[in-house]
Structure formats: C-alpha cells, structure tokens
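The structure appears right after this line, and notes come after that.
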Amino acid sequence: MSFFISDAVAAAGAPSQGSPYSMFIMLAVFGLIFYFMILRPQQKRTKEHRKLMESIGKGDEVLTTGGLIGRVTKVGETGYISMALNDTTEVVIKRDFVAAVLPKGTLKAL
C-alpha cells in the first residue's frame with residue numbers, strides 16, 4: 001500500500017492550530033462586507049423610495065412599476081392615488097407601486 005501513498009504524506013501529524021480569535025475576526029470581516037455590499041445600499045434605496053412616495057402630489061406625472069404612465073388626479077389618505085392615463089381612463093393604484101415621478105410635459109411628448 002505504501003506504493004500508492006508516500007510515507008511523508010501518510011506520516012503527517014495533526015494540523016497546526018491557529019489563533020482561537022482568527023475565526024471571530026474572519027466572521028466580523030464577512031459581516032462588514034455583507035453590511036456594506038448588501039444591507040446599506042438596500043436601506044438607501046428604501047429610504048429614497050419612501051421619500052418619493054411622500055412627495056407625490058396632484059398633477060404629477062408618474063411611472064408605475066407595471067409600466068403605466070399617467071397624471072395623478074387625486075391623492076388619497078389611505079395610501080392610494082387616482083391616476084388618469086388619458087382623457088377617459090382613470091385608474092386607482094397603491095402609492096407603493098409608483099416607480100418614478102416624471103418631468104412635466106412627458107405625457108405630451110409621448
């Protein structure tokens with residue numbers, strides 16, 4: 001059997017022990033990377049979207065997450081807005097589904 005396994009590899013002792021704090025340091029480094037790469041940018045996006053939703057007012061032209069573009073005609077107290085897509089069509093959507101507030105005149109340009 002020694003023909004397949006060299007004597008030096010087979011006779012190796014127990015692996016050397018590292019510092020007991022190295023695992024905790026590595027865990028802290030991974031925690032910091034996770035925070036700065038994933039959590040912090042997501043919190044910033046959430047904060048910006050919340051500010052956008054609070055700033056929506058009557059007459060704003062908005063884009064929804066479903067792709068609808070229209071003008072806000074009524075802002076409800078319960079978190080819903082009424083949006084006119086054209087002269088005859090009006091829809092009621094939840095304020096959370098607004099993706100962006102468009103510059104004035106965007107609807108006329110389309």
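Residue Met53 holds its CE atom at 9.0 Å from NZ of Lys94, rounded to the nearest 0.5 Å. The CD1 atom of Ile38 lies 12.0 Å from the CD atom of Gln43; values are rounded to the nearest 0.5 Å. Within the model, atoms OG1 of Thr78 and CZ of Arg95 stand 9.0 Å from one another, a figure rounded to the nearest 0.5 Å.
Looking only at side-chain heavy atoms (C-beta outward), Leu52 and Glu48 stay at 4.5 Å or farther from each other. Using a 4.5 Å cut-off on side-chain heavy atoms (C-beta onward), Val91 and Thr64 make no contact.
Of the possible donor and acceptor atoms, none in the side chain of Arg40 sits under 3.5 Å from a partner among the backbone N and O of Tyr35. Distance alone, capped at 3.5 Å, places no donor-acceptor pair between the Asp60 side chain and the Val62 backbone. Side chain of Glu61 to backbone of Leu107: a donor-acceptor contact under 3.5 angstrom is found. The backbone N or O of Ala99 lies less than 3.5 Å from no partner atom in the side chain of His49, so there is not a single donor-acceptor pair. Of the possible donor and acceptor atoms, none in the side chain of Thr106 sits under 3.5 Å from a partner among the backbone N and O of Leu102. In terms of modelled atom types and a separation under 3.5 Å, the side chain of Lys74 and the main chain of Tyr80 share no donor-acceptor contact. Remark: the backbone N or O of Ser82 is paired with a side-chain donor or acceptor of Thr73 at under 3.5 angstrom.
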Quick one, Ile81 with Val92, criterion side-chain contact (heavy atoms from CB on, under 4.5 Å). Give me CA distance, side-chain angles, the key distance, then yes/no. CA-CA 6 Å; Ile81 62 172; Val92 177; over 6 Å; no
Just do the side-chain contact (heavy atoms from CB on, under 4.5 Å) check on Leu68 and Leu63 with the steps written out, would you? CA-CA 6 Å; Leu68 297 175; Leu63 170 70; over 6 Å; no
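Minimum heavy-atom separation, Ile56 to Val101: CG1-CG2, 4.2 Å. Residues Val75 and Val72 approach most closely at CG2-CG1, 3.8 Å, considering heavy atoms.
A 6.0 Å sphere centred on NZ of Lys104 holds more than 12 heavy atoms belonging to other residues, nucleotides or ligands.
Residues Leu27 and Tyr21 fall into different hydrophobic clusters, defined by Ile, Leu, Val, Met, Phe, Trp and Tyr side chains chained together at heavy-atom separations under 4.5 Å.
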